[in-house]
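Worth knowing before you read on, the calculation uses all heavy atoms, side chains too, and leaves out hydrogens, waters and symmetry mates. Whatever order the structure lists ligands and atoms in, that order sets their numbers, starting from 1.
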Amino acid sequence: MADVYDVVVIGGGPGGYNAAIRAGQLGLKTACIEKRDAKGAVAFGGTCLNVGCIPSKALLHASQRFEDARDHYAAIGINAAVELNLPVMQTHREKTVDGLVKGVSFLFKKNKVDPYFGTGRIVSPTEVEVTGADGTKQTLATKNIIIATGSDVTPLPGVTIDEKRIVSSTGALTLAEVPKKLIVIGAGVIGLELGSVWRRLGAEVQVIEFLDRITPGVDGEVAKEFQKVLTRQGMSFKLGHKVTKAETSDTGVTLTVEPAAGGAAETVSADVVLVCIGRRPYIEGLGANEAGVKVDGRGRVETDGHGRTNVPGIWVVGDVTTGPMLAHKAEDEGCAVAELIAGKAGHVNYDIIPSVVYTHPEVASVGKTEEELKAAGVAYKSGKFPFTANARARTIAEKDGFVKILADARTDRVLGCHIIGPEAGTLVMEVAVAMEFGGSSEDIARTCHPHPTLTEAVRQAAMGVENRIMQM
Ligand code: FAD
Ligand code: NAD
């Protein structure tokens with residue numbers, strides 16, 4: 001057996017690769033094991049780089065430019081004859097992914113992380129077995145193990161994913177042609193982002209959602225506005241319904257749909273169906289159970305809130321444990337755990353994890369929603385400002401949406417920010433930073449913001465908390 005590692009990371013996604021790089025930076029002898037295969041070579045980057053955040057954003061960007069040129073440029077004096085070249089758009093996606101995946105291997109080299117291509121299995125708290133694609137096995141001795149095995153698609157009983165007619169997000173990224181009709185099951189982040197991509201490229205998109213609202217967890221007022229905007233863009237919604245059966249033929253799929261509350265079933269048909277009802281933690285073949293690592297009722301590896309599992313020396317980060325399934329949350333946990341292993345003060349502030357839906361307009365939030373504050377009995381004040389009253393938004397013809405800031409009624413400390421509008425994902429960060437510093441709505445309102453920028457809408461919403469909006 002070779003030298004003993006300080007850290008062996010199992011899984012090379014944002015949780016795992018950031019943990020490994022940070023551990024390497026801190027001088028720990030580190031290995032990272034990844035089983036994802038891209039044309040015979042190891043593909044680090046996890047779901048995020050390979051089949052998640054990055055390819056979806058490449059297609060969201062390209063499809064938005066296509067729709068702008070086709071439908072919106074004429075209104076600002078640009079006449080363009082626009083034609084879709086889907087293979088080239090898909091090449092843009094592939095090239096973007098390839099470059100970033102290679103970037104992770106480069107960072108491993110730079111930070112002296114040993115890469116291993118294969119499936120990692122915990123043999124004991126100090127041994128990890130790696131099985132390569134050809135079946136060869138080797139055992140790594142280590143002082144610490146970080147579980148970073150991520151998540152996988154939640155299946156829907158009665159609707160079997162074949163990645164051709166009935167696809168998961170992975171298949172929905174690589175469709176070779178634009179479906180005439182796409183049915184999306186689940187009005188969450190994946191459904192609305194990838195539904196938007198294919199709608200922009202010409203598909204009729206219908207979304208079937210179990211609940212009576214879209215995007216559960218998003219501030220209720222924002223979600224209502226979001227649904228209105230998406231409907232205006234041409235997406236249709238069937239809320240309060242569940243799909244119970246799917247029948248696939250050469251030409252399409254027929255779904256049996258029932259009201260969630262019970263009632264008469266009906267059938268709907270589409271060329272392609274996207275199943276996106278959530279993701280679930282992935283620990284298949286990991287040996288976590290055999291090693292005595294505790295897993296909760298939802299299959300998530302349990303932690304003490306600082307990445308430690310119940311087994312000393314075994315840590316966990318990312319989608320496979322509790323908390324939102326977001327790349328930046330996984331990344332922060334990876335860095336924090338590496339720092340804790342190195343004896344430093346690694347920490348994640350779970351109260352301030354921004355989230356963004358990359359539709360057009362974007363939807364972004366940080367901190368508590370109004371619903372959460374009400375449920376917790378917290379007295380709060382709210383300030384709201386519409387983009388239609390923001391000068392920059394008007395110059396770029398992006399008038400949909402608003403910024404809402406929620407602040408403690410007594411102390412004025414900012415408790416949450418919810419934005420639907422242009423660049424919402426970027427705008428929300430000034431509020432996140434203010435919140436990290438314990439800032440008040442007055443702090444944001446009194447900070448000079450450049451004119452004309454979209455950031456002024458954030459400032460005006462902060463001013464709105466004290467009823468002193470200046471622009472209208
Ligand atoms: P993963 O990225 O899932 O990585 C885990 C890795 O571990 C995988 O590569 C897997 O092959 C490997 N692995 C598993 N078991 C083993 C084993 N035993 N041995 C070796 N390797 C193993 N989040 C955002 O924040 N922003 C977005 O815009 C966004 N968009 C998304 C779009 C889509 C379509 C999807 C599906 C997800 C998106 N996400 C987004 C979520 C994001 O991808 C995840 O939160 C993130 O990838 C989690 O990182 P992770 O490291 O925990 O797990
Ligand atoms: P989600 O949890 O965002 O949404 C799933 C939706 O499906 C919910 O609205 C839920 O009510 C609905 N649903 C559940 N069961 C159903 C059923 N039987 N019939 C109809 N509807 C049903 O999940 P997702 O969209 O699959 O995304 C998975 C994860 O990936 C999320 O946790 C998300 O954080 C992450 N992700 C993030 C981003 C981003 O940050 N921009 C993008 C994509 C994915």
Side-chain angles (χ1 to χ4, degrees), residues 9-19 32-37 42-57 59-60 116-122 128-131 147-154 156-159 168-170 172-173 184-195 207-218 223 238-244 257 260 274-288 316-321 323-331 333-334 353-359 362-364 425:
V9 183
I10 308 177
Y17 79 73
N18 283 290
C32 184
I33 309 166
E34 173 56 59
K35 66 175 181 174
R36 189 180 299 269
D37 182 323
V42 62
F44 288 105
T47 303
C48 171
L49 262 55
N50 291 281
V51 290
C53 323
I54 298 306
S56 60
K57 265 80 254 179
L59 289 182
L60 278 158
Y116 286 87
F117 184 14
T119 302
R121 186 176 68 85
I122 301 170
V128 178
E129 180 186 77
V130 188
T131 306
I147 299 172
T149 48
S151 62
D152 200 1
V153 177
T154 302
L156 178 59
V159 185
S168 70
S169 53
T170 302
L173 290 166
V184 172
I185 308 178
V189 197
I190 291 180
L192 301 182
E193 285 187 352
L194 293 180
V207 183
I208 302 174
E209 163 62 44
F210 184 81
L211 300 174
D212 59 3
R213 57 163 290 172
I214 68 167
T215 53
V218 169
K238 202 173 183 60
L239 302 182
H241 279 76
K242 61 181 177 189
V243 174
T244 52
V257 181
L274 164 59
V275 180
C276 45
I277 58 162
R279 294 180 62 84
R280 59 182 185 182
Y282 180 81
I283 53 165
E284 218 177 283
L286 176 67
V316 65
V317 300
D319 280 12
V320 70
T321 186
M325 289 186 171
L326 294 173
H328 41 285
K329 174 263 191 186
E331 170 185 350
E333 287 182 339
I353 295 183
S355 69
V356 182
V357 189
Y358 297 87
T359 43
E362 291 181 351
V363 171

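A heavy-atom distance below 4.5 Å is found between the side chains of R36 and T47.
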Are any protein N/O atoms closer than 3.5 Å to the N/O atoms of ligand 2? If there are, list each pair with names and the distance to one decimal place.
from, atom 1, to, atom 2, distance (Å)
ligand 2, 3 (O), V189, N, 3.3
ligand 2, 9 (O), E209, OE1, 2.6
ligand 2, 9 (O), E209, OE2, 3.3
ligand 2, 11 (O), E209, OE2, 2.6
ligand 2, 21 (N), F210, N, 3.2
ligand 2, 23 (O), G278, N, 3.4
ligand 2, 25 (O), V189, N, 3.3
ligand 2, 25 (O), I190, N, 2.9
ligand 2, 26 (O), C276, O, 3.4
ligand 2, 26 (O), G278, N, 2.9
ligand 2, 34 (O), M325, O, 3.1
ligand 2, 40 (O), V356, O, 3.4
ligand 2, 41 (N), E193, OE2, 2.9
ligand 2, 41 (N), V356, O, 2.7

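Closest non-hydrogen pair, R279 versus S151, comes out as NH2-O, 2.7 Å. Between G15 and A148, the closest heavy-atom pair is C-CB, 4.3 Å. Considering every non-hydrogen atom in both L274 and A172, the closest pair reads CD1-CB, 3.9 Å. The two residues R213 and A223 come nearest to each other via the heavy atoms NH2-CB, 3.3 Å.
Protein residues with a heavy atom closer than 4.0 Å to ligand 1 are I10, G11, G12, G13, P14, G15, G16, I33, E34, K35, R36, G46, T47, C48, V51, G52, C53, S56, K57, G118, T119, G120, A148, T149, G150, S151, S169, I190, R279, Y282, G318, D319, M325, L326, A327, H328, A330, Y358, listed by chain and number.
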> Does the pair V184 and L194 meet the rule for a side chain to side chain contact (heavy atoms under 4.5 Å, CB included), with working shown?
Replying inline: CA-CA 9 Å; V184 172; L194 293 180; over 6 Å; no
>> Determine whether T321 and E333 satisfy the following criterion, side chain to side chain contact (heavy atoms under 4.5 Å, CB included), listing intermediate values before the conclusion.
In response: CA-CA 10 Å; T321 186; E333 287 182 339; 3.9 Å; yes
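The backbone N or O of G278 lies less than 3.5 Å from a partner atom in the side chain of T154, making a donor-acceptor pair. S56 places a side-chain N or O within 3.5 Å of a backbone atom of G52 that can act as its donor or acceptor partner.
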